[in-house]
Student: 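Next up is a structure, given as structure tokens.
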Amino acid sequence: MARELPELQVVENHLPRHHPGSQFRAGYVLRPRDSERGSDSDLAALYAPLILDGDENTGDVAAAVDPDLPLVRANFITSLDGSVTGADGKSGSINGPADLRVFQLLRAQSDAVFVGAGTARIEGYQDTDIPEGLQPLRDDAHPRLITVTRSGQLDPAFLAARPLIITAQGHPAASMLAEKVPADDLLIFGAQAVDFRAALRELKQRGYANILCEGGPHLMGSLVEHGLVSELCLSFSPQIVGGDGYRFMVGDLSPTAARLQVLLSSQDGYLISRWQLQP
């Protein structure tokens with residue numbers, strides 16, 4: 001029998017009035033769902049993408065998205081002392097069932113999962129499977145994997161999933177992968193550094209309108225640097241791990257304001273937040 005994922009309680013909800021998730025006020029409990037078969041319709045409404053409504057007089061804040069670019073949401077978890085990994089160097093050791101519930105839902109709502117090559121190696125990425133109960137949220141079986149790499153060092157099991165691979169012309173990956181992957185799967189944008197805006201524009205043209213960034217810190221930092229992330233979904237794990245683990249974004253970050261949209265809690269101490277970023 002599949003296990004139940006925990007209930008989540010709404011602590012704060014500041015979604016715009018036109019948003020389907022605005023109906024769930026503080027104190028509302030999102031009941032547990034079966035990890036394989038539950039549809040999680042309330043949570044799906046709460047995490048429906050923010051869409052620009054064009055009404056400047058309502059006071060509602062909507063995502064200001066370039067229509068030529070996909071909506072990029074990022075999903076991370078951090079310990080209370082700011083580490084994105086546990087003592088074993090992997091994020092799985094600070095994850096919990098509450099975080100998993102939102103993680104699965106966000107994947108189900110995305111056309112593609114964007115992950116840096118280093119994170120793909122460390123975390124052992126091979127697929128983006130979606131639980132059976134969440135599959136009706138999609139038009140296809142699972143989101144497409146997308147990665148960005150400088151070196152081209154990608155695990156064969158990861159390559160077997162047919163990810164889209166982004167690199168720059170001057171990076172070793174451009175030549176190393178030219179004969180290893182189908183030409184249509186290798187996206188070269190930029191000379192000595194990846195042109196992320198151009199790469200995302202190409203992804204939107206290919207039909208990837210909603211992209212979920214799952215790290216790592218350098219990829220997230222690059223996307224924020226160029227003002228390309230519309231939402232940050234951040235979970236807080238109720239533990240202190242110590243050590244020198246990465247923050248969830250690093251690099252030449254651009255000043256970015258954030259507005260809290262949703263805050264959820266679970267009985268095991270996890271806090272789950274949804275922020276709209278305003279570069």
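Remember, predicted model here, so these are calculated numbers, not experimental data.
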Student: Between Ser266 and Leu8 (side chain of the first, backbone of the second, donor and acceptor by atom type, cut-off under 3.5 Å), is there such a pair?
Tutor: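 Absent.
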Student: Considering only heavy atoms from C-beta outward, does the side chain of Val115 approach that of Ile146 to under 4.5 Å?
Tutor: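 They are not in contact (no side-chain heavy atoms under 4.5 Å apart), so the answer is no.
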Student: With a 4.5 Å limit on heavy-atom distance, are the side chains of Asp129 and Gln135 in contact?
Tutor: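 A side-chain contact is absent here, since even the closest heavy-atom pair is not under 4.5 Å.
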Student: Strictly distance-based, threshold 3.5 Å: is any side-chain N or O of Lys204 a donor or acceptor partner for the main-chain N or O of Ala199?
Tutor: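 Not confirmed, Lys204 side chain does not pair with Ala199 backbone.
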Student: Between Gly21 and Asn13, which heavy-atom pair has the shortest distance, and what is it?
Tutor: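 Taking Gly21 first and Asn13 second, the nearest heavy atoms are O-ND2, 2.9 Å.
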Student: How close do Thr149 and Thr167 get, heavy atom to heavy atom, and via which atoms?
Tutor: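 Between these two residues, the closest heavy atoms are O-OG1, 2.7 Å.
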Student: Just checking, is any N or O donor in the side chain of Gln169 or His171 under 3.5 Å from an acceptor N or O on the other one?
Tutor: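 Side chains of Gln169 and His171: no pair found under 3.5 Å.
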Student: Answer whether the closest heavy-atom distance between the side chains of Ile77 and Leu234 falls below 4.5 Å.
Tutor: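 Ile77 does not reach Leu234 side chain to side chain.
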Student: For the backbone of His218 and the side chain of Ser222, can you confirm whether one donor and one acceptor N or O come within less than 3.5 Å of each other?
Tutor: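 The answer is yes, because a donor-acceptor pair under 3.5 Å joins these two groups.
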Student: Are a donor atom and an acceptor atom from the side chains of Gln23 and Arg17 found within less than 3.5 Å of each other?
Tutor: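 Note: Gln23 and Arg17 side chains miss the donor-acceptor criterion.
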Student: Can you name the closest pair of heavy atoms from Pro49 and Asn210 and give their distance?
Tutor: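 Heavy atoms of Pro49 and Asn210 come nearest at CG-OD1, 3.9 Å.
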Student: Do you see a donor-acceptor pair shorter than 3.5 Å between the side chains of Ser35 and Glu4?
Tutor: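 Side-chain D/A pair, Ser35 to Glu4: absent.
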Student: Of all the heavy-atom pairs spanning Gly242 and Asp81, show the shortest one and how long it is.
Tutor: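 Scanning both residues completely, I find the closest heavy atoms to be N-OD2, 2.9 Å.
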Student: Out of curiosity, does Val29 fall in the hydrophobic cluster containing Phe24 (side-chain heavy atoms, cut-off under 4.5 Å, transitive links)?
Tutor: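 The answer is no; the residues belong to distinct hydrophobic clusters.
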Student: Would you say that Leu232 contacts Met220 through its side chain, given a criterion of any heavy-atom pair below 4.5 Å between the two side chains?
Tutor: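 Contact flag for Leu232/Met220 side chains = yes.
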Student: Could you check whether any side-chain heavy atom of Ser230 comes within less than 4.5 Å of a side-chain heavy atom of Val72, counting everything from C-beta outward?
Tutor: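 No, side chains not in contact.
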Student: As a test of understanding, state which of Ile272, Leu46, Leu5 forms a side-chain contact (heavy atoms from CB on, under 4.5 Å) with Val102.
Tutor: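 That would be Ile272.
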Student: Do NZ/NE/NH1/NH2 and the carboxylate oxygens of Asp185 and Arg162 come within less than 4.0 Å?
Tutor: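 Judged by the 4.0 Å cut-off on N to carboxylate O distance, Asp185 and Arg162 do form a salt bridge.
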Student: Which heavy atom in Asn95 sits nearest to a heavy atom in Tyr270, and how many Å separate them?
Tutor: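 Nearest pair, atom of Asn95 first, then Tyr270: O-OH, 3.0 Å.
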Student: Will you find, in the side chains of Arg138 and Gln109, an N or O donor that is under 3.5 Å from an N or O acceptor?
Tutor: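 Not at all, the side chains of Arg138 and Gln109 share no donor-acceptor pair under 3.5 Å.
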Student: Do the side chains of Glu231 and Arg274 get close enough for a salt bridge, i.e. N-O under 4.0 angstrom?
Tutor: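 Arg274 and Glu231: salt-bridged.
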Student: Under a 4.0 Å N-O cut-off, is there an ion pair linking Arg101 with Asp40?
Tutor: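 Asp40 and Arg101: salt-bridged.
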Student: Check whether any side-chain heavy atom of Leu30 sits under 4.5 Å from a side-chain heavy atom of Gln9, and report yes or no.
Tutor: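 No, their side chains stay 4.5 Å or more apart.
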Student: I'd like to know if Asp195 and Arg201 make a salt bridge, using a cut-off of under 4.0 Å between side-chain N and carboxylate O.
Tutor: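 Looking at Asp195 and Arg201, the cut-off is not met.
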Student: Side-chain donor-acceptor pair under 3.5 Å between Glu214 and Tyr125, yes or no?
Tutor: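 Yes, because at least one side-chain N or O of Glu214 sits under 3.5 Å from a partner of the opposite role on Tyr125.
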Student: Going by heavy atoms in the side chains, are Phe196 and Val148 under 4.5 Å from each other?
Tutor: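 Of all side-chain heavy-atom pairs linking Val148 with Phe196, at least one is under 4.5 Å.
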Student: Shortest non-hydrogen contact from Leu177 to Gly152?
Tutor: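 Looking at all heavy atoms of both residues, the shortest contact is CD2-O, 3.6 Å.
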Student: Heavy atoms, side chains only, cut-off 4.5 Å: are Leu43 and Gln104 in contact?
Tutor: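 SC-SC contact between Leu43 and Gln104 ruled out.
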